[in-house]
Structure formats: structure tokens, C-alpha cells
Amino acid sequence: MSDNTINDVEHLACDVLVIGAGGAGLRAAVEARLAGKSVIVISKSLFGKAHTVMAEGGAAAAMGNANANDNWQVHFRDTMRGGKFLNNYRMAELHAQEAPARIWELETYGALFDRTADGRISQRNFGGHEYPRLAHVGDRTGLELIRTLQQKLVSLQQDDEAAGEPESKLQVIDETTITELFTDGGAVKGAFGYRRSTGRFMAIAAPAIVLATGGIGRSFKVTSNSWEYTGDGHALALRAGARLINMEFIQFHPTGMVWPPSVRGILVTESVRGDGGVLKNANGERFMFDYIPEVFKAQYADNPEEADRWYTDPDANRRPPELLPRDEVARAINSEVKAGRGTEHGGVYLDIASRRSADYIKSRLPSMHHQFKELADVDITAAPMEVGPTCHYIMGGIEVEADTAASAVPGLYAAGEVSGGMHGSNRLGGNSLSDLLVFGKRAGEYAAAHAAAAEPPKLADEEIETAIQNALRPFGNDGENPYELQNALQAVNGRLVGIIRKADELEEALTELAALRPRIENVTAVGGRAYNPGWHLALDLRNMYLCSVTTAMAALERDESRGGHTREDAPGMNPEWRKTNLVVSLEEGAGEVRLTRQPVPQMPPELLDLFDPTELSKYMTPEEYRRDSPAGTPSAGTGPADTDSTEAEEA
């Protein structure tokens with residue numbers, strides 16, 4: 001490596017480095033700066049274009065504005081039910097308790113939520129939520145959240161300027177990719193990356209790092225995720241020594257656009273169903289009544305008349321089955337299509353045109369009206385939408401301690417979709433935006449506290465030079481085009497690790513992924529470093545491959561069906577499997593993925609008491625839910641646990 005290259009590296013330092021500029025990253029940055037720490041925020045995309053802007057329906061918080069019966073306990077129950085009781089109960093508890101405060105806080109930052117007639121924040125219905133709970137801004141809530149948090153960062157920079165503080169106290173660097181985390185003695189001490197527009201390398205020394213990089217959806221061809229979602233944070237954490245949890249659980253949102261092909265997978269917000277839209281097959285039949293699972297029959301209407309009455313009298317009627325948790329709706333749509341009752345383009349119809357006035361639809365769903373008109377030439381006030389499942393969200397992520405958002409690596413924190421545990425096997429719609437606010441704040445708070453007690457780290461030239469060599473390797477390879485390799489990876493995941501899985505197909509997926517590994521390691525980039533998307537993808541492929549392997553391994557190991565993991569050869573939930581989380585790590589030196597089993601933290605009696613024993617019996621063994629059982633006491637911890645005594649399996 002020439003001296004010119006290493007001498008041209010841009011060197012920066014801060015107390016807290018935030019990787020990711022979506023809602024979780026920005027909220028963490030706000031909290032760390034309010035704690036008096038210097039902060040650098042790294043955005044892979046243009047600032048303001050993070051995937052959070054695509055979150056449409058709203059942020060779930062039990063404020064009770066639409067129904068006074070709502071409270072954090074009900075929200076907690078709904079979240080646990082949605083996750084099929086595999087959630088980290090402490091994360092779900094904190095989320096339900098703190099979400100209202102985070103929403104009201106956004107108002108003080110300048111968020112302009114839709115209002116009720118008496119001036120309170122409006123809240124709408126969403127699947128899996130017992131009461132209208134989603135605070136929203138039309139169907140553009142994520143955009144408003146990002147706008148508000150960006151403005152808060154600007155105000156903090158203005159406060160720093162007024163106080164005579166240097167500009168380096170709070171910096172935002174966009175269009176930058178982080179490729180490595182530096183560690184010393186097992187603790188993080190900084191990161192390495194490059195500016196995408198110029199290719200110039202960057203080394204940032206920081207004693208505390210918050211990962212807020214989102215999900216892994218670009219490993220699938222049909223996805224609602226934006227181009228940045230290549231599993232960067234998952235892979236960075238894994239290579240730094242952290243563990244990933246629940247990687248088998250991928251949510252296929254039931255309603256993505258299916259036509260034309262250029263927009264296949266783009267999200268159709270759940271708000272359409274929350275505001276009265278219904279699902280119909282090609283025969284015009286409202287089919288969801290045929291797919292209500294036994295565990296949900298007490299809460300969901302089994303006939304259209306009761307379902308329609310619920311919209312005006314929710315206390316006296318059961319909910320429409322279109323508002324079942326997303327995993328249930330996605331499987332139902334998949335079943336209808338496989339049975340030959342799908343639409344011309346392989347989906348089903350989502351109809352709100354026949355149920356609401358044009359003015360209502362345009363006022364409540366302005367983005368959806370615009371999206372379908374511009375992209376599919378469909379007027380949703382006059383015609384139904386064609387929709388189908390699309391890869392949307394991964395429940396799995398970095399294993400963190402519930403209260404602090406800390407990983408097993410000292411100084412490394414995670415929040416938002418890149419973290420795991422909060423949602424169990426399936427996330428309820430609307431919980432993502434409040435999740436990133438609640439745990440983004442906690443990650444920033446505890447990262448700042450860690451930085452306050454740490455010495456400023458130093459980065460060695462040798463480790464920076466190694467990172468440079470790793471980043472430049474594709475330019476010296478004589479291998480394949482990165483786009484061909486991405487297509488091959490997406491084909492494996494879509495065909496063998498999709499919405500419905502089988503053991504033999506998962507084994508085949510692992511075999512095919514193993515065959516892709518040397519090809520990805522030898523991927524080729526041509527041209528220069530400035531504005532080179534082929535080089536960018538060549539580096540992203542390492543992360544996509546690692547996340548794909550962890551997902552397939554965990555999916556093969558869990559031989560039951562639960563939430564976002566459906567095994568055709570192992571239908572139904574197994575109460576014994578509910579006690580077990582699957583955790584993956586990398587073996588030191590070899591870099592091979594290692595899979596271990598770990599007990600799920602047990603709920604304490606006061607939280608178990610929120611559920612009827614009859615309901616718990618559908619998910620748990622009798623020893624777990626009996627009130628007089630010692631199993632009803634808290635486990636030793638709610639965060640990362642030692643796995644020395646667990647059963648292990650290597651890739």
C-alpha cells in the first residue's frame with residue numbers, strides 16, 4: 001500500500017459515533033449531544049433520505065387519544081401476542097411504557113401530527129393493535145419524523161454556535177459508507193469507511209458507537225426496502241464480536257405493489273386496511289375470514305357484518321381479520337395465490353374504493369393515492385389495488401441489553417431495525433417508529449455515559465492500512481460483476497428462504513450460499529473510486545452474504561412455524577421452541593458462523609398477570625404460565641447472556 005493512500009485518509013474523532021441517519025440514529029445523536037458529548041452522524045445516503053421516510057402509517061403509542069381504554073399494559077400485551085411471546089419482554093415493556101413520552105417529545109421538537117376534533121394527536125387503527133394507537137401525519141409519518149429530528153439537530157448546532165462551541169461538537173456526514181469497526185481488547189474504538197462521492201477514506205476514533213443501520217431487505221429481489229439496506233450494521237457488529245439474535249424471523253409485509261414489474265415490492269401502507277380497506281381474491285371474495293388462527297379467534301370477527309360494525313363501535317364488536325398481524329395476512333395472501341385465486345399479476349385486491357369516499361381516501365391516504373396514480377396508473381378512489389407480500393423487515397438483529405441498548409461488545413450500542421429481541425417473531429405495524437424513538441434515545445444516553453468514562457482511543461496506522469487493503473481488494477480481483485452476484489444471492493433467498501420454507505430447501509440454500517462465498521470474495525470492481533456504484537455493491541455483498549447465511553442457518557434449526565418464520569414441513573408453534581432463542585456469532589480467526597441456543601428471558605409474575613392463563617396455554621408450557629410455578633419469576637438477565645452451556649452447531 002502506498003504512503004500516498006494512507007496519508008490521504010481523513011482522520012476524525014468524537015465521543016459518540018452514530019452510524020445511520022434514520023430515526024433511531026438521529027434520536028441517538030440528539031440524546032448524546034444533549035448529554036454534552038461530541039457526536040458524528042454517518043449517513044449512507046443523502047441526509048434526509050434514510051429509509052425511515054418510507055414509514056407511512058404512524059408510530060404506535062398508547063396515548064389513549066382515540067380510545068381512553070388504551071394504556072401501556074394493553075400495548076405490551078399486543079406486542080407480545082404479535083411476537084408470539086418470543087419477544088424480550090423487558091424491551092417490549094419499556095417500549096410500551098415510554099412510547100407516549102417520545103411522541104409528545106417530538107411535538108416539542110416541532111412535529112405536526114394530524115389532530116382529533118378536540119385538538120389532540122390523532123391515532124389510527126393498525127393490524128394487531130387492540131385500539132387505535134398510531135400517531136400519524138397522513139400516510140407520511142416517517143417523513144415528518146425525519147424532518148423533525150433533522151431540525152432538532154440543526155437547533156442543537158445553532159445552540160453550540162451561540163455558546164461558542166466548535167462545529168465539531170455535532171457533525172453530519174452523508175453519502176458515506178462504514179466498512180470496518182476497530183476494536184481494542186474486545187471494546188470498540190472507532191470505525192473506517194469512505195465518502196461515496198469521492199472514494200476518499202475516513203478513519204474515526206470514538207470510544208462509543210451506535211449502530212442504527214436498518215435491515216437486510218436488499219438480499220431479496222422483491223422488497224420494500226431502499227438500496228441502503230444491505231445488512232451493514234448486522235455484519236459490522238458480528239465481525240466486531242457481537243451476537244445476532246432471531247435472524248430466522250423476516251417479515252413479509254402482506255401488501256406491496258405487484259404491478260407494473262418496475263415497482264414490484266413497493267410498500268402499500270397498512271393504513272389502507274386500518275381505514276377500512278378489505279382484501280379480496282380474484283373471485284371478489286373477502287377471504288380473510290377463512291384464515292383466522294385459533295389463537296386469535298376471540299379478538300377477530302368471523303363475519304363481514306361484525307367486522308364492518310367494528311369501525312364505528314369497536315368496544316362491542318371484534319376486529320376485521322384484515323387487521324390480523326402481518327405474518328398471518330401475508331400467509332393468507334400467499335395461500336390464495338397458490339390456490340389459483342390470485343389476480344392476473346400474482347397478487348390479490350386491496351379495495352378501499354368501494355368502502356370510503358374519494359375525499360376521505362385523498363385526505364387520509366394522500367401518498368397512496370399519488371403512488372398508485374403515478375406508478376401504476378390506478379386511481380385508488382375508483383378501483384382496487386393489486387398487492388402481494390414483499391420482504392419488509394427483519395425481526396432479528398444485534399443482541400442488546402434491554403435497558404441500555406448495549407451489545408456484548410463494550411462501547412457498541414444498537415437501536416432500530418438493526419437490533420433484535422424487541423419484536424420477537426413478528427413486528428406489529430407502527431411499532432417500528434416508536435421502537436426507534438424509545439431505543440434510539442436509550443442508545444444515545446448510554447453511549448454518552450460510556451464515552452464519559454472512557455479514554456479517547458487512538459487508531460494505529462497498521463489497522464487503518466489493513467482496512468484500506470480490504471476496501472480496495474475488488475479493484476485487484478479478476479472475478480465477476482457485483483450485480484450478477486447480487487442477483488444470484490437474491491435468487492437463492494427468494495427461492496429457498498422466502499415466506500414458506502422447508503428443511504431440504506434451506507439445506508440447499510446453505511449449499512448454494514457456500515458456493516457463492518468464494519465468488520463474492522473475488523468480486524471485481526472497475527474504474528475509479530469516485531461515484532462508483534459497482535465498487536460500493538462489491539463491498540456491500542460481504543454483508544449481504546453474512547446476513548443470508550445467518551438467516552438460513554437459523555431457519556433450518558427452528559423446526560416449527562412462528563411469526564415471520566413458516567416451515568411447511570413443521571406447521572404450528574411448539575411451546576418448547578418458544579423457550580429458545582437462536583443466536584449467531586463468528587468464530588475467532590476462521591470467521592465461520594456459529595449457531596447456539598439460548599433461553600428466552602421469562603416474564604415476571606406482574607406481567608404474566610396481564611394475560612389470561614387460557615391464552616398463555618396456547619403459547620407456553622404449563623410450567624411457564626402457572627401462577628404458582630417458579631418459572632413465573634424473572635430470569636437472571638434480559639440482555640446478552642453467556643452461551644457456553646447451550647447446544648451449538650456450526651455452519
Side-chain angles (χ1 to χ4, degrees), residues 56-57 82 84 126-128 217 220-225 249-261 263-293 296 300-302 304 307 319-355 368 371-372 376 378 380 383-393 425-429 493-495 497-501 561-568 571:
E56 297 157 326
K84 307 298 189 292
F126 239 54
F220 289 81
K221 188 176 182 64
V222 180
T223 180
S224 66
N225 291 183
F249 298 112
I250 295 179
Q251 182 176 93
F252 289 82
H253 194 291
T255 56
M257 295 180 73
V258 300
W259 189 260
V263 299
R264 187 174 179 87
I266 292 179
L267 191 64
V268 179
T269 176
E270 197 166 330
S271 306
V272 177
R273 286 172 283 138
D275 285 336
V278 297
L279 293 165
K280 298 178 180 178
N281 60 26
N283 301 328
E285 299 162 336
R286 193 173 166 186
F287 59 84
M288 281 304 303
F289 296 103
D290 298 329
Y291 294 96
I292 304 172
F296 287 114
Y300 289 83
D302 58 8
R319 301 168 62 78
E322 282 84 3
L323 294 180
L324 277 159
R326 288 173 173 176
D327 58 323
E328 307 291 356
V329 181
R331 279 193 293 270
I333 293 174
N334 188 72
S335 296
E336 286 293 300
V337 173
K338 288 181 69 174
R341 296 187 289 271
T343 64
E344 176 185 357
H345 302 114
V348 297
Y349 291 117
L350 174 55
D351 175 27
I352 195 171
S354 67
R355 297 172 60 80
M368 286 298 97
Q371 177 175 309
F372 271 88
V378 170
I380 68 170
M385 300 158 251
E386 271 190 273
V387 299
T390 178
C391 177
H392 181 56
Y393 191 97
S425 66
N426 178 56
R427 176 180 66 81
L428 294 186
N493 287 326
R495 181 166 51 90
V497 199
I499 189 170
I500 305 295
R501 302 160 173 175
S561 294
R562 184 182 299 270
H565 169 64
T566 301
R567 283 279 296 270
E568 185 177 313

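Counting from 1, the numbers follow the sequence of the chain as shown.
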**Any side-chain heavy-atom pair of Phe220 and Ile250 under 4.5 Å** = yes
**Asked** Taking atom types as modelled and ignoring hydrogens, do the side chains of His253 and Thr390 form a donor-acceptor contact shorter than 3.5 angstrom?
**Response** no
**Message:** Looking at Met385, is its backbone amide N or carbonyl O close enough to the side chain of Asp351 to form a donor-acceptor pair, meaning the two atoms are under 3.5 Å apart?
**Reply:** no
**Fill in**
Closest heavy-atom pair, Arg286 versus Pro320, reported as atoms and distance to 0.1 Å, is NH2-CB, 4.0 Å
**Asked** Would you find a donor on one side and an acceptor on the other, under 3.5 Å apart, between the side chain of Thr566 and the backbone of Ile500?
**Response** no
**Request:** Answer yes when Glu270 and Arg427 have at least one side-chain N-carboxylate O distance shorter than 4.0 Å, and no when they do not.
**Result:** no
**Message:** Just so I know, are the side chains of Tyr349 and Glu386 near enough to count as touching, which here means a heavy-atom distance under 4.5 Å?
**Reply:** yes
**Message:** Would you say that Pro325 contacts Leu428 through its side chain, given a criterion of any heavy-atom pair below 4.5 Å between the two side chains?
**Reply:** yes
**Message:** Between Ile266 and Phe372, is there a side-chain heavy-atom distance shorter than 4.5 Å?
**Reply:** no
**side-chain contact (heavy atoms from CB on, under 4.5 Å) partner of Val387, the single match among Leu350, Thr343, Leu267** = Leu350
**Asked** Looking only at heavy atoms, which two atoms of Val268 and Glu56 are closest? And how far apart?
**Response** C-OE1, 4.3 Å
**Message:** Quick check: do Val272 and Thr255 have side-chain heavy atoms less than 4.5 Å from each other?
**Reply:** no
**Prompt:** What distance do Ser425 atom OG and Asp327 atom CG have between them, rounded to the nearest 0.5 Å?
**Reply:** 6.5 Å
**Prompt:** OH/Tyr300 to CZ/Arg319 distance, rounded to the nearest 0.5 angstrom?
**Reply:** 5.0 Å
**Message:** Tell me the closest heavy-atom pair linking Pro389 and Phe252, and the distance in Å.
**Reply:** CB-CB, 4.3 Å
**Request:** Heavy atoms only: give me the nearest Pro321-Ala307 pair and the separation to one decimal.
**Result:** CD-CB, 4.4 Å
**Asked** Can you check whether Lys280 reaches Pro384 side chain to side chain, under 4.5 Å on heavy atoms?
**Response** no
**Prompt:** Does a donor on one side chain sit under 3.5 Å from an acceptor on the other, for Asn426 and Gln251?
**Reply:** yes
**Request:** Enter the distance from Leu324:CG to Phe296:CZ here, rounded to the nearest 0.5 Å.
**Result:** 6.5 Å
**Request:** State the CE-CE distance between Met368 and Met257, to the nearest 0.5 angstrom.
**Result:** 8.0 Å
**Message:** If I compare all heavy atoms of Phe126 with all of Arg326, which pair ends up nearest, and what's the gap?
**Reply:** CE2-NH2, 3.7 Å
**Message:** Would the distance check show the side chain of Asn283 and the main-chain N or O of Glu285 forming a donor-acceptor pair, the cut-off being under 3.5 Å?
**Reply:** no
**Request:** Given side chain to side chain contact (heavy atoms under 4.5 Å, CB included), test Glu322 with Val329 step by step and report yes or no.
**Result:** CA-CA 7 Å; Glu322 282 84 3; Val329 181; over 6 Å; no
**Request:** With side chain to side chain contact (heavy atoms under 4.5 Å, CB included) as the test, would you mind laying out the steps for Ile333 and Tyr291 before giving the verdict?
**Result:** CA-CA 10 Å; Ile333 293 174; Tyr291 294 96; over 6 Å; no
**Request:** Find the distance between OH (Tyr393) and OG1 (Thr223) and round it off to the nearest 0.5 Å.
**Result:** 13.5 Å
**Request:** Return the orientation label for the Trp259 and His345 ring planes: parallel under 30°, perpendicular over 60°, tilted otherwise.
**Result:** parallel
**Asked** How far does CD of Glu328 sit from CD1 of Ile292, to the nearest 0.5 angstrom?
**Response** 10.5 Å
**Request:** May I ask you to test the Arg273-Leu279 pair for a side-chain heavy-atom distance under 4.5 Å?
**Result:** yes
**Prompt:** Is there a side-chain contact between Pro254 and Met288 (heavy atoms, below 4.5 Å)?
**Reply:** no
